[in-house]
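Everything below concerns the one structure shown next.
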Amino acid sequence: QVRLVESGGGLVQAGGSLRLSCASSGGTFSTYVMGWFRQAPGKEREFVAAITWTGGRTYYRDSAKGRFTISRDNAKNTVYLQMNSLKPEDTAVYYCAARQYLGDYDRPNGYNYWGQGTQVTVSS
């Protein structure tokens with residue numbers, strides 16, 4: 001059973017930066033595609049970024065391109081999301097998730113494991 005634990009969220013002013021981390025345990029981390037999703041109050045969970053097994057390919061939602069960077073360290077069983085130039089509309093609970101196949105990487109349904117989430121609040 002894979003366990004995912006996010007950290008690094010917090011309150012930041014618009015234009016600031018945060019780095020989220022997601023530590024994995026209980027599985028072979030390098031066999032999972034990792035994704036970041038977010039969910040704002042009253043809204044559906046939405047895709048933010050994904051990274052393939054060895055980090056060779058990355059994918060982003062349009063609003064994250066050029067501002068967010070997903071990366072992974074398989075030796076540390078950890079995936080990261082560096083978020084720069086944050087905007088108030090980035091405010092949400094951020095979740096990391098794991099799946100074995102790439103498939104529809106931007107859809108929550110295909111992910112088998114989820115973390116508990118970390119709150120990101122961007123003030124204007």
Side-chain angles (χ1 to χ4, degrees):
Q1 186 76 6
V2 175
R3 182 169 182 251
L4 304 173
V5 179
E6 302 96 334
S7 61
L11 173 64
V12 63
Q13 288 188 332
S17 299
L18 283 174
R19 188 194 195 203
L20 305 184
S21 299
C22 172
S24 173
S25 61
T28 305
F29 183 68
S30 61
T31 65
Y32 292 95
V33 171
M34 299 300 297
W36 284 97
F37 289 77
R38 67 188 183 187
Q39 189 165 19
K43 294 188 177 181
E44 293 187 353
R45 191 167 297 190
E46 63 182 18
F47 169 75
V48 177
I51 188 166
T52 53
W53 306 268
T54 60
R57 286 174 286 169
T58 57
Y59 307 91
Y60 299 92
R61 66 180 296 108
D62 286 344
S63 64
K65 291 177 182 176
R67 299 190 300 129
F68 293 4
T69 303
I70 187 172
S71 61
R72 67 189 296 163
D73 185 338
N74 285 349
K76 295 183 178 179
N77 294 341
T78 302
V79 61
Y80 305 97
L81 185 67
Q82 177 67 43
M83 304 187 294
N84 299 329
S85 302
L86 282 162
K87 304 175 181 180
E89 51 263 42
D90 294 317
T91 295
V93 177
Y94 283 70
Y95 299 90
C96 72
R99 60 185 291 163
Q100 289 188 297
Y101 304 102
L102 187 56
D104 294 334
Y105 58 83
D106 59 344
R107 304 291 179 92
N109 290 350
Y111 287 81
N112 305 106
Y113 304 101
W114 291 85
Q116 83 290 348
T118 186
Q119 177 70 47
V120 171
T121 302
V122 184
S123 63
S124 57

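One is the number of the first residue; the rest follow in order along the sequence. Bear in mind that the values here come from a model prediction, so they are computed numbers and not experimental data.
- Between Val33 and Tyr59 the shortest side-chain heavy-atom distance does not fall below 4.5 Å.
- With hydrophobic clusters built from ILVMFWY side chains whose heavy atoms lie under 4.5 angstrom apart, Val48 does not share a cluster with Tyr105.
- Going from atom OH of Tyr113 over to atom SG of Cys22 covers 13.5 Å, rounded to the nearest 0.5 Å.
- Arg67 is not listed as a side-chain neighbour of Met83, based on a closest heavy-atom distance of 4.5 Å or more.
- Rounding to the nearest 0.5 angstrom, the gap separating the CE atom in Met34 from the OH atom in Tyr80 is 11.5 Å.
- Considering all non-hydrogen atoms of both residues, Gly9 and Leu20 come closest at N-CD2, 3.6 Å.
- Pairing each heavy atom of Trp114 with each of Pro108, the nearest pair is CZ2-O, 3.5 Å.
- The OH atom of Tyr101 lies 10.0 Å from the OH atom of Tyr32; values are rounded to the nearest 0.5 Å.
- Of all the heavy atoms in Thr78 and Ser21, the pair that sits closest is CG2-CB, 4.3 Å.
- To the nearest 0.5 Å, the span separating CD on Gln39 from OH on Tyr94 amounts to 12.0 Å.
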TODO: Take Arg57 and Leu102, measure what side-chain contact (heavy atoms from CB on, under 4.5 Å) needs, and give me the verdict at the end.
DONE: CA-CA 10 Å; Arg57 286 174 286 169; Leu102 187 56; 3.9 Å; yes
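- Under the 4.5 Å side-chain criterion, counting only non-hydrogen atoms from C-beta, Leu86 is not in contact with Gln13.
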TODO: Evaluate the side-chain contact (heavy atoms from CB on, under 4.5 Å) criterion for residues Arg61 and Phe68: first the C-alpha distance (whole Å), next the side-chain angles of each, then the deciding distance (0.1 Å), finally the verdict.
DONE: CA-CA 10 Å; Arg61 66 180 296 108; Phe68 293 4; over 6 Å; no
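- Here the side chains of Trp36 and Val79 are in contact, with some heavy-atom distance below 4.5 Å.
- Looking only at distances, a side-chain donor or acceptor of Glu6 sits under 3.5 Å from a matching main-chain atom of Cys96.
- If you chain together hydrophobic residues whose side chains sit under 4.5 Å apart, Leu4 and Phe47 never meet in one group.
- Put simply, CD on Gln82 and CZ on Arg19 are 6.5 Å apart, with the number rounded to the nearest 0.5 Å.
- The minimum heavy-atom distance linking Val93 with Gly117 is given by the pair CG1-CA, 3.8 Å.
- If you check the side chains of Arg99 and Tyr111, you find no donor sitting under 3.5 Å from an acceptor.
- Using a 4.5 Å heavy-atom cutoff, the side chains of Asn77 and Ser25 are not in contact.
- When every heavy atom of Ser85 is checked against every heavy atom of Ser17, the shortest pair comes out as N-OG, 4.3 Å.
- Closest approach of Phe37 to Asp106, counting heavy atoms only: CE2-O, 3.9 Å.
- Between the CH2 atom of Trp53 and the OG1 atom of Thr28 there is a distance of 14.5 Å, given to the nearest 0.5 Å.
- Salt bridge absent: Lys87 and Asp90 never bring a charged side-chain N and a carboxylate O closer than 4.0 Å.
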TODO: Give the C-alpha distance, both sets of side-chain angles, the deciding distance and a yes or no for side-chain contact (heavy atoms from CB on, under 4.5 Å) between Gln119 and Thr91.
DONE: CA-CA 8 Å; Gln119 177 70 47; Thr91 295; 4.1 Å; yes
